[in-house]
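Both ligands and their constituent atoms are indexed starting at 1 by order of listing.
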Amino acid sequence: MPEAPFQIRPMRDDDRLPLAVVFAAVAEERDGIASEPPVDIEARAASWTLDGTLVAVVSGAVVGSVHVDASRHGFGEIGMAVAREWRGRGVGSALLEAAIQWARERGLHKLSLSVFAHNTAAIGLYRKLGFVEEGRRVKQYRRSSGELWDAIDMGLLLSN
Ligand SMILES: CC(C)(COP(=O)(O)OP(=O)(O)OC[C@H]1O[C@@H](n2cnc3c(N)ncnc32)[C@H](O)[C@@H]1OP(=O)(O)O)[C@@H](O)C(=O)NCCC(=O)NCCS
């Protein structure tokens, strides 16, 4: 197997702006993440929480991230995205595996997330790493188009 061309590491302060640029480009797709354009890149860069955020890096450039928002109730909420040109090459899997490892080390008992019902790539990734569907939120998200989109809640138990 060829060596993976990307690395996963904890987010640093100097990743804020490049990660916000990736986030804004994914938002432009209006398909996978809840945020839609316009994204205020400076504000977004300032708002990242470093703790619980891991980035995927290719030749020094940030191409994706995962964030675990650790609740004081023992679960963590996942949010993630990979730059379009880097999808389908294992970056999402590596990010999510690292996030699961981070959550275990942090002592969380569960990871949770919400994904648009049509997002087959993300749902495939989550299933592959053991997440199961726990429910459907019908017409949960109002999009700027006026459409109302369903979301699937998924969870992964890390300990009982
Ligand atoms: C979801 C996302 C993070 C996946 O990242 P990725 O780097 O493409 O993922 P990988 O290459 O590691 O693929 C992981 C698995 O996802 C599934 N998958 C990926 N692309 C897929 C596609 N187009 N159709 C169906 N399943 C797909 C497969 O199960 C794949 O595993 P396999 O390669 O062993 O078959 C990426 O598509 C993305 O950033 N999308 C836009 C933002 C988004 O939707 N974020 C999630 C919000 S809940």
Side-chain angles (χ1 to χ4, degrees), residues 1-11 15-39 41 44-45 47-49 52-71 75-103 108 110-145 147-158:
M1 288 285 286
E3 197 175 321
F6 56 85
Q7 298 173 315
I8 309 296
R9 60 159 173 77
M11 183 180 177
D15 296 322
R16 288 180 179 281
L17 197 56
L19 197 48
V21 170
V22 170
F23 180 86
V26 176
E28 288 286 343
E29 297 174 40
R30 297 182 188 271
D31 192 39
I33 61 173
S35 295
E36 293 186 86
V39 171
I41 289 182
R44 184 66 211 171
S47 75
W48 291 109
T49 304
T53 302
L54 301 162
V55 294
V57 180
V58 177
S59 304
V62 173
V63 299
S65 70
V66 63
H67 177 68
V68 183
D69 188 10
S71 132
F75 64 88
E77 289 276 352
I78 292 267
M80 68 183 300
V82 173
R84 189 198 275 271
E85 57 274 26
W86 276 91
R87 292 179 198 156
R89 303 199 223 179
V91 175
S93 301
L95 280 168
L96 192 54
E97 282 166 10
I100 292 168
Q101 176 72 20
W102 183 92
L108 300 180
K110 183 176 180 183
L111 286 171
S112 305
L113 59 87
S114 220
V115 54
F116 289 138
H118 64 261
N119 194 344
T120 50
I123 292 170
L125 166 60
Y126 301 139
R127 281 191 186 137
K128 179 178 134 178
L129 291 189
F131 284 75
V132 296
E133 292 169 27
E134 297 184 332
R136 185 180 190 105
R137 295 180 179 216
V138 176
K139 297 190 186 300
Q140 181 78 359
Y141 286 85
R142 182 162 58 219
R143 307 297 285 170
S144 57
S145 64
E147 292 176 31
L148 301 175
W149 287 2
D150 291 4
I152 308 288
D153 286 344
M154 301 184 78
L156 174 69
L157 275 175
L158 302 174

Tightest non-hydrogen contact, residues S93 and L129, listed as O-CD1, 3.9 Å
Exceeds 12 heavy-atom contacts within 6.0 angstrom, atom CZ of R9
yes
Numbered in order shown, the ligand 1 atoms found under 4.0 Å of a heavy atom of V91 are 7 (O), 12 (O)
Considering all heavy atoms, the nearest A99-L111 contact:
O-CD1, 4.5 Å
Smallest separation among heavy atoms of I33 and F116, with atom names
O-CE1, 3.5 Å
protein heavy-atom neighbour closest to atom 15 (C) of ligand 1 works out as L125 CA, 3.7 Å
Looking only at distances, can you tell me whether any N or O atom of G90, backbone or side chain, sits closer than 3.5 Å to an N or O atom of ligand 1?
yes
For ligand 1, is there an N or O atom under 3.5 Å from any N or O atom of R89?
yes
Less than 3.5 Å between some nitrogen or oxygen of K128 and one of ligand 1, yes or no?
yes
Protein heavy atoms: any of them under 4.0 Å from atom 35 (O) of ligand 1?
no
Backbone or side-chain N or O of V82 under 3.5 Å from ligand 1 N or O:
yes
Provide, to 0.1 Å, the distance between atom 13 (O) of ligand 1 and the closest protein heavy atom, together with that atom's residue and name.
S93 OG, 3.9 Å
Are D31 and R143 within salt-bridge range, i.e. N to O under 4.0 Å?
no
Looking at non-hydrogen atoms alone, which of M154, E97, R87 comes nearest to atom 40 (N) of ligand 1?
R87
What do you reckon, does A122 have a nitrogen or oxygen under 3.5 Å from a nitrogen or oxygen of ligand 1?
no
Contact summary for V66 and L95, nearest pair of heavy atoms
CG1-O, 3.5 Å
Should I33 be counted as touching ligand 1, given the test is an N or O pair under 3.5 Å?
no
Examine G88 against ligand 1 and note whether any of their N/O atoms are separated by less than 3.5 Å.
yes
Salt-bridged, R142 to E147, with N to O below 4.0 Å?
no
Among non-hydrogen protein atoms, atom 7 (O) of ligand 1 lies closest to G92 N, 2.8 Å
In Å and rounded to the nearest 0.5 Å, what is the CD to NZ distance from E77 to K110?
9.0 Å
Minimum heavy-atom separation for L108 and S71, please, with both atom names.
CD2-O, 4.5 Å
With heavy atoms only and a cut-off of under 4.0 Å, state how S114 meets ligand 1: side chain, backbone, both or neither.
backbone
Record the part of L95 in heavy-atom contact with ligand 1 below 4.0 Å; permitted values are side chain, backbone, both and neither.
neither
Note: V82 and V26 closest approach over all heavy atoms is O-CG2, 4.0 Å
Purely on distance, is any nitrogen or oxygen of Y126 under 3.5 Å from one on ligand 1?
no
I want to confirm something. Looking only at heavy atoms, which of A121, G124, G64, G79 is nearest to atom 18 (N) of ligand 1?
A121
Tell me whether the NZ or CZ atom of R89 lies within the 45° cone about the ring axis of W86 and under 6.0 Å from its centre.
yes
Residues S144 and R30: side-chain donor-acceptor under 3.5 angstrom
yes
One thing to verify: whether D153 and R136 come together as a salt bridge, which I'm taking to mean a side-chain N less than 4.0 angstrom from a carboxylate O.
no
Among all the protein's non-hydrogen atoms, which is closest to atom 47 (C) of ligand 1, and how far away is it?
G32 O, 3.4 Å
Identify the protein heavy atom lying closest to atom 45 (N) of ligand 1, giving its residue, its atom name and the separation to 0.1 Å.
M80 O, 2.9 Å
If we number the atoms of ligand 1 from 1 as shown, the ones under 4.0 Å from a heavy atom of A81 are 39 (O)
Would you say N119 contacts ligand 1, with heavy atoms under 4.0 Å as the rule?
yes
